[in-house]
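Contents: one structure, followed by commentary.
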Amino acid sequence: MSYTSLLFFIFVIALIFVYYIVPKSWQWKVLLIANIIFYASNGVIPLVFITATTLLTWFAALLLEKKDLCQSRELEGEPLSREEKNQIKVAYKRQKKGILIPVLLMVFGLLAYAKYTNFGIGIINGIAGVDMIQVQSIIVPLGISFYTFMSVGYILDIYWKKYPAEHNFFKYATFTTFFPHVVQGPIGRYNKLAPEFFKGRHYDFRQMVSGFELFLWGLFQKLVIADRLGIFVDNVFADYQNTGGGYFY
């Protein structure tokens, strides 16, 4: 579902209508459903990848938080010497790293597989001088770089105890699948976006007009400026070795 397509405009208008007619406690759920529909419209594979990343980081964050709670209970229990407290902290830090590192490897592994498998195959074949490995037909999941780094940022924040972990999987999924972010960015932080998702909103005509003005200005920059310049840029990259500055004159 392209941002510049008629289908996307219909999708957004329908989302806004439903979002404001449901009770405020249901608004974030409507947003989550819209996120899922947006991903599903681009195929099953993008939905599988983002679900895997969301599940991994959500569950790992809960485990990290549990380790912190267990550490606090031990430290606040019977009187302990400074050396004993340090030993407990070191032990729990090691356990937390044992959770964090494998999850980061798996999440970045999904990203690397989707985006860099064929790049790696090309390098191997280039070094060998023959096609030792066949290039794979891998469809890069929509927005995988953005939601991967958003999820990694979240789990690192929990590891560093910046804020509590989200226990509601569907609320966390609303954050990772938020479709306006995952395609164009910026990379959001959970503690900044979550309050905006879940506090509930009243319809505000002025804010709506302001939002559409901003959207239309961005659309103008994309269709009128960027896409027109893209015609020249694409031709240069297509034959960059034989293209000089004179191409633009």
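Bear in mind that the values here come from a model prediction, so they are computed numbers and not experimental data.
In the hydrophobic cluster analysis, where Ile, Leu, Val, Met, Phe, Trp and Tyr join through side-chain heavy atoms closer than 4.5 angstrom, Tyr203 is grouped together with Val30. Under the 4.5 Å side-chain heavy-atom criterion for Ile, Leu, Val, Met, Phe, Trp and Tyr, Phe178 and Val22 are members of the same hydrophobic cluster. No continuous path of ILVMFWY side-chain contacts below 4.5 Å connects Val48 to Phe170, so the two sit in separate hydrophobic clusters. In the hydrophobic cluster analysis, where Ile, Leu, Val, Met, Phe, Trp and Tyr join through side-chain heavy atoms closer than 4.5 angstrom, Ile101 is grouped apart from Trp160. Linking Ile, Leu, Val, Met, Phe, Trp and Tyr whenever their side-chain heavy atoms come within less than 4.5 Å leaves Ile37 and Val44 in two separate clusters.
In this structure, the side chains of Val103 and Met106 come closer than 4.5 Å at one or more pairs of heavy atoms. Residues Lys85 and Glu74 are not in side-chain contact: their nearest non-hydrogen atoms beyond the backbone lie 4.5 Å or more apart. Residues Thr177 and Ile36 fail the side-chain proximity criterion, which asks for heavy atoms closer than 4.5 Å. With contacts defined as side-chain heavy-atom distances shorter than 4.5 Å, the pair Gln95/Ile99 does not qualify. Inter-residue side-chain proximity for Tyr159 and Lys93 is flagged as met; some heavy-atom pair is nearer than 4.5 Å. Side-chain contact between Val152 and Thr57 is absent, with no heavy atoms from C-beta onward closer than 4.5 Å. Side-chain contact check for Lys162 versus Arg189: some heavy-atom pair is nearer than 4.5 Å. When side chains are defined from C-beta on, Phe149 does not count as touching Tyr154, because their heavy atoms never get closer than 4.5 Å.
The distance from the CD1 atom of Ile144 to the OH atom of Tyr113 is 10.5 Å, given to the nearest 0.5 Å. The line from CH2 of Trp26 to CD1 of Ile33 is 7.0 Å long, rounded to the nearest 0.5 Å. For the atom pair CZ of Phe198 and OG of Ser25, the computed distance is 13.0 Å after rounding to the nearest 0.5 Å. The distance from the CG atom of Leu31 to the CG atom of Leu15 is 6.5 Å, given to the nearest 0.5 Å. How far CG of Leu156 is from CG of Leu64: 9.5 Å, rounded to the nearest 0.5 Å. With rounding to the nearest 0.5 angstrom, the CG atom of Leu105 is 11.0 Å from the CG atom of Leu110.
At a threshold of 4.0 Å, the pair Glu76-Arg73 does not count as salt-bridged, since none of the basic side-chain nitrogens sits closer than that to a carboxylate oxygen.
The two atoms that bring Ala60 and Ile155 nearest to each other are CB-CD1, 3.4 Å, heavy atoms only. Scanning all heavy atoms of the two residues, the minimum distance from Lys115 to Ser145 falls at NZ-OG, 3.0 Å. Among all heavy-atom pairs drawn from Lys192 and Pro195, the shortest one is O-CD, 3.6 Å.
Remark: the backbone N or O of Tyr172 is not paired with any side-chain donor or acceptor of Glu166 at under 3.5 angstrom. With Lys96 contributing its side chain and Lys67 its backbone, the two residues share no donor-acceptor pair below 3.5 Å. Under the 3.5 Å distance criterion, the side-chain polar atoms of Glu65 are matched with a main-chain donor or acceptor of Ala165. At distances below 3.5 Å, not a single donor-acceptor pair connects side-chain atoms of Ser210 with backbone N or O atoms of Arg206. In terms of modelled atom types and a separation under 3.5 Å, the side chain of Glu196 and the main chain of Leu193 share no donor-acceptor contact. Counting only distance, with no hydrogens or angles, the side chain of Thr176 and the backbone of Ala173 share a donor-acceptor pair below 3.5 Å.
Side chains of Thr53 and Ser151: no donor on one and acceptor on the other come within 3.5 Å. A donor and an acceptor atom, one from each side chain of Thr51 and Tyr39, are nowhere located under 3.5 Å apart.
Counted within 6.0 Å of CG on Leu216, heavy atoms from surrounding residues, nucleotides or ligands total more than 12; the atom is thus considered enclosed. Atom CZ of Phe59 has 12 or fewer heavy atoms from other residues, nucleotides or ligands within 6.0 Å.
The aromatic rings of Phe220 and Trp217 lie parallel to each other, their planes meeting at an angle below 30°, with 60° marking the opposite boundary.
Across Tyr190, Tyr147, Trp58, a single residue satisfies ring pair (Phe, Tyr, Trp, His ring centres under 6.0 Å) together with Phe175, and that is Tyr190.
For the pair Lys171 and Phe197, the NZ or CZ position fails the cation-pi test of under 6.0 Å to the six-membered ring centre and within 45 degrees of the ring normal.
Close placement of the Phe179 and Phe11 rings is indicated, their centers lying within 6.0 Å of each other.
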